[in-house]
Amino acid sequence: MAKQAKMVYYFGKTKTEGKGVSKSILGGKGVNLAEMTRIGLPVPPGFTITTECCDAYYKSKKKLPSGLMAEVNSAVKILEKELGKKFGDDSNPLLVSVRSGAAVSMPGMMNTILNLGLNDAATQGLAKATKNERFAYDAYRRLINMFGDVVMGMDHHAFETAFDKIKKKYKVTEDTEVPAEGLKQLCEDYKALYKKQSGEDFPQDPIKQLQLSIEAVFGSWNTSRAVRYREIEGIRGLLGTAVNVQSMVYGNMGDDSGTGVAFTRNPNTGENKFFGEFLINAQGEDVVAGIRTPQPVAEMPKWNRAVHKELLEIKKTLEDHYKEMQDIEFTIERGTLYMLQTRTGKRTGVAAVKIACDMVKEKLIDEKEAVMRVPANDLTQLLLPSFKPTARNAADVLCRGLPASPGAAVGKLVFSAPEAREAAEAGLKVILVRKETSPEDVDGMNAAAGILTSTGGMTSHAAVVARGWGKCCVAGAGEIDIDEKGKKIKVGGRTFNGKDIISLDGTTGEVMAGEVETQEPKLSGDFAKLMKWADGFRTLDVRTNADSPADSKRAREFGAQGIGLCRTEHMFFDADRIIHMRSMILADNEKDRRAALKKLLPFQRKDFEGIFKAMDGLPVTVRLLDPPLHEFLPHDADAQKAMAKELGVKPGQIVKRAEALHESNPMLGHRGCRLSVTYPEILEMQVRAIVEAAISCSKKKIKAMPEIMIPLVGTEAELSMLRAKVEETIKETCEAKKFEGKLDISIGTMIEIPRAALTADKIAEHADFFSFGTNDLTQMTFGYSRDDINTFLPDYLSQDILHVDPFQSLDQSGVGQLVEMGVQKGRSTKSKLKIGICGEHGGDPSSVDFCHRVGLDYVSCSPFRVPIARLAAAQAALRNSKK
Ligand code: ADP
Ligand code: MG
Ligand code: MG
């Protein structure tokens, strides 16, 4: 720290320093106390010690910077003069609170010390000044206790035992029943205890008390709890905490006093109505401590109409000044209102949208600011059904799993995918319960209202698939014992079977017994308005990942501008199709394979027609078959037997084929374009289905715009060869159909293997577009298998090796480099090359920001994340144009 740097900033009537000094120096609390003083609000005066002093304290082996206490002393002098009170005075003593306050609000820091400055003499002074001896000794005993606790780290228990002794002596049970005499005695006992435990007298010099407290606040910056919190929240680069020293006001001076907390608007609904609680005859902490039940602020006029009116005026002053909803703390001392804190109020997604739109209407902010105000991820809450809060509160919670995919689901228990499908077809709502899910379960998962698994993490199959659909999922609920055969679950000593209904809260991970009442999302006018503003600012297109007409339609309603990833493998799992797929896989020659594929063709064509129709006039990127073939074969003996029977072959044949397809590392195995190289007939069938669907649409005046995407390309040769095959098939199909019109079909590839990014200039010669498959690109760049990452990811996160799951938020410095390189190299060959990204990252706001910065044309994400991506894209455009 430069020698000249100012260490103490005063706020009060005499002067208010530090205009324009940032939160990083004065902390959030300090900046706002000064700001409120400056705009004329009634703030008890005081001063703030900078975070730079905290930094200096650590740099000099925990010594306060020289000159600090001198500056503190002169600030105290000004404070004394302004208030006409004196530190340690025996007739009218000055008392202060000492509060920590970093740039970011942070639990785990030191608790606030109230009533600092009291000593034997000052306590008598306080008794005189307030004409209330009991009050004065109560304040003193609280100070000795708090000071011993938080500054000296003494055993809290000892203080309690001493208090209990006094209570016994006076034959009372409540603190409040102890008379002044008893509290006076207690202060003596506390001082003795203090001396016994710390080896020193309780400091009678208020400046000494202050100095020790300042050191303690600085010390609390690096408690393990605070350090851990900063790690978890990814808070870096702060200098330390500031210290706020503020003159005391009392909410506990009788029935004309009180204290409260409030929001300037309703933080749950966003309604523009002052919202808060207050407690008569109480000090700050009592409101949150829950000892007595506070009253809603709306009741305040009955108690003190003038104070209520003043609070409403302060609401307006604060919002006019900050142009934001505020969260405040206030205290009323003998009918006079004081402001003790203000900060931006936390709010739900629903409230965020409403407040942003209302504030535009009220001309407090403009549309750009409104778009920047709403955290894109918080829109999730507006897009999903939820439990009615009243019903939620009364629910019978069985256990808590991982909140894998948000939402609310209610239904009867089912234990297999076919059961889920059957029930759904019969119009029943069910919860699919599995130990874990696999690709074979997808249609059952789709049919279920919600999914519950007892193993697996946030990136397990169940979690990823459910999130993709916006379907409620609780994963890894380990307390649940699932008996799949017996069709029942055991949890907390209770058993539930297929006749029972349960409710899942995918937002909290809670599993509840019985039917908890839900409510549908309201796509309110404000939400639509905000989206319209966002669309006006963004330059990135937003597409969706969808592989059914229903998903496509929903995504389009959410504003998707096309499909960025239509996976085709899900199309093979339906009961009437999987059989052909399996017979294709079982075939040992091309002719039999073609015969089986021929039966699959009409299904695929119908799917594509439906999707093209839903996306009429918008591009649809269809990815050719990607997963390894073994995923389509059953793996347990019973299912293999059933399949053998259906196909009229020996079970042994299936076992043999499954064994032959087994790979030790399927993620890096025979999949993606490698399948098309070995079995070109699969590619041919799929392309034919796409082209026939496009032709049929064209006849119905539906504008199909397929983009055929070849997955997992790593070399130029793969793409050039397969592209030729695709072109040939398009030509043949048109000829066979005698189609003379023009089809709008482009051919491109997914960039998901590092080598493809490295040679993107070569690959671009054969591609009309690139789409970054960032899931595989992340797997292969890190060498982490996405399906197995849960074995070590928790350790990596807790030990700060990784700060976020790289499958949820794009690793911009590593994987991002490959993306950037792919873009540059690709466009060095074709300057107009269309480039997008598909996969989970496309709906993650910080990844969207990255995509904007590297110049992608679009991002693609699951239907339910489309509005989130639209908002994130607008924020990226606004954020980056400011720079
Ligand atoms: P937190 O971050 O836990 O809210 P604060 O520093 O805001 O900690 O203070 C804890 C409680 O003490 C709050 O209720 C606050 O309003 C009250 N308080 C702090 N300073 C004063 C003061 N000078 N006079 C009266 N009450 C105070
Ligand atoms: Mg605090
Ligand atoms: Mg506070």
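Because the structure is predicted, anything quoted here is derived from the model rather than measured. This chain uses plain numbering: 1 for the first residue, then up along the sequence.
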Asks: For the residue pair Asn545 and Ser860, confirm or rule out a side-chain donor-acceptor distance under 3.5 Å.
Replies: yes
Asks: Any chance the side chains of Asp776 and Gln779 put a donor and an acceptor closer than 3.5 Å?
Replies: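 Yes.
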Asks: Can you name the side-chain contact (heavy atoms from CB on, under 4.5 Å) partners of Ser24, sequence neighbours left out?
Replies: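 By the side-chain contact (heavy atoms from CB on, under 4.5 Å) rule, Ser24 matches Ser22.
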Asks: Among residues at least two apart in sequence or on other chains, which ones pass side chain to side chain donor-acceptor pair (under 3.5 Å) with Thr568?
Replies: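 Expected list: Gln686.
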Asks: Any chance NZ of Lys23 has more than 12 other-residue heavy atoms, nucleotides or ligands included, within less than 6.0 Å?
Replies: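 Counting neighbours around NZ of Lys23, 12 or fewer heavy atoms of other residues, nucleotides or ligands fall under 6.0 Å, so no.
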Asks: Do side-chain atoms of Arg723 reach the backbone of His766 as a donor and acceptor pair under 3.5 angstrom?
Replies: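 Yes, because the side chain of Arg723 sits within donor-acceptor range (under 3.5 Å) of the backbone of His766.
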Asks: Please report the closest heavy-atom contact between Thr48 and Ala242, naming both atoms and the distance.
Replies: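 In this case the closest contact between Thr48 and Ala242 is CG2-CB, 4.0 Å.
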Asks: Is it the case that the side chain of Lys553 and the backbone of Ala614 share a donor-acceptor pair, with hydrogens and angles ignored and the cut-off at 3.5 Å?
Replies: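 Not confirmed, Lys553 side chain does not pair with Ala614 backbone.
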Asks: Go through the structure and list residues passing ring pair (Phe, Tyr, Trp, His ring centres under 6.0 Å) with Tyr229, not counting sequence neighbours.
Replies: none
Asks: Which pair of heavy atoms, one from Phe770 and one from Ala760, lies closest together, and at what distance?
Replies: CZ-O, 3.6 Å
Asks: Please enumerate all residues that pass salt bridge (charged side-chain N to carboxylate O under 4.0 Å, His left out) together with Lys346, with sequence neighbours excluded.
Replies: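 Partners of Lys346 by the salt bridge (charged side-chain N to carboxylate O under 4.0 Å, His left out) criterion come out as none, since no residue qualifies.
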Asks: Using the test side chain to side chain donor-acceptor pair (under 3.5 Å), find all partners of Ser771 that sit at least two apart in sequence or belong to another chain.
Replies: none
Asks: With salt bridge (charged side-chain N to carboxylate O under 4.0 Å, His left out) as the test, would you mind laying out the steps for Glu569 and Arg623 before giving the verdict?
Replies: CA-CA 9 Å; Glu569 54 271 20; Arg623 179 177 71 181; 2.7 Å; yes
Asks: Just to verify, what does Gln824 make a side chain to side chain donor-acceptor pair (under 3.5 Å) with, not counting sequence neighbours?
Replies: none
Asks: With sequence neighbours excluded, what pairs up with Lys361 under the salt bridge (charged side-chain N to carboxylate O under 4.0 Å, His left out) test?
Replies: Asp358
Asks: Taking all atoms of both residues into account, what is the closest heavy-atom pair of Ala370 and Val360, and its distance?
Replies: CB-CG2, 3.5 Å
Asks: Would you check if Met667 and Arg786 make a side-chain contact, meaning some heavy-atom pair closer than 4.5 Å?
Replies: no
Asks: Phe769 versus Met709: any side-chain heavy-atom pair under 4.5 Å?
Replies: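 A side-chain contact exists here, since the closest heavy-atom pair is under 4.5 Å.
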Asks: Got a sec, which residues hit side chain to side chain donor-acceptor pair (under 3.5 Å) with Gln326, two or more places apart in sequence or on another chain?
Replies: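 For Gln326, the residues satisfying side chain to side chain donor-acceptor pair (under 3.5 Å) (neighbours in sequence not counted) are Thr342.
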Asks: Let me check something: any side-chain donor-acceptor pairs from residues 746-753 under 3.5 Å, sequence neighbours excluded? List them with distances.
Replies:
residue: Thr749; atom: OG1; partner: Ile710; partner atom: O; Å: 2.8
residue: Glu752; atom: OE2; partner: Leu712; partner atom: N; Å: 2.6

Asks: Give me the one residue out of Arg538, Arg543, Arg827 that meets salt bridge (charged side-chain N to carboxylate O under 4.0 Å, His left out) with Asp857.
Replies: Arg827
Asks: Side chains of Asp844 and Ser809: do they bring a donor and an acceptor to under 3.5 Å?
Replies: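 The criterion, which ignores hydrogens and geometry beyond distance, is satisfied for Ser809 and Asp844.
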Asks: Check residues 812-822 and write down every donor-acceptor pair under 3.5 Å in which the side-chain atom is one partner and the other belongs to a residue at least two apart or another chain.
Replies:
residue: Gln812; atom: OE1; partner: Arg853; partner atom: NH2; Å: 3.2
residue: Gln812; atom: NE2; partner: Ser846; partner atom: O; Å: 3.1
residue: Gln817; atom: NE2; partner: Ser813; partner atom: O; Å: 3.1

Asks: Mind checking whether Arg265 and Glu319 have side chains closer than 4.5 Å, heavy atoms only?
Replies: yes
Asks: By the salt bridge (charged side-chain N to carboxylate O under 4.0 Å, His left out) test, which pairs, at least two apart or in different chains, include something from residues 860-869?
Replies: none
Asks: So, are Arg347 and Asp378 salt-bridged, with charged N and O less than 4.0 Å apart?
Replies: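 Looking at Arg347 and Asp378, the cut-off is not met.
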Asks: Rounded at 0.5 Å granularity, tell me how far NZ in Lys315 sits from CG in Asp320.
Replies: 9.0 Å
Asks: Could Lys834 and Asp768 be called an ion pair, given the rule that one side-chain N must be under 4.0 Å from one carboxylate O?
Replies: no
Asks: Kindly compute the distance separating CG (Leu810) from SG (Cys851), expressed to the nearest 0.5 Å.
Replies: 6.5 Å
Asks: Counting only heavy atoms from other residues, nucleotides and ligands, does the tally under 6.0 Å from NZ of Lys273 exceed 12?
Replies: no
Asks: Backbone N or O of Val374 within a donor-acceptor pair of the Gln875 side chain at under 3.5 Å?
Replies: yes
Asks: Going by atom types only, do Arg38 and His321 share a side-chain donor-acceptor pair under 3.5 Å?
Replies: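 On atom types as modelled, these side chains do not qualify, holding no pair under 3.5 Å.
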Asks: Who pairs with Phe275 by ring pair (Phe, Tyr, Trp, His ring centres under 6.0 Å), at least two apart in sequence or on another chain?
Replies: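 Per chain and number, Phe275 pairs via ring pair (Phe, Tyr, Trp, His ring centres under 6.0 Å) with no residue.
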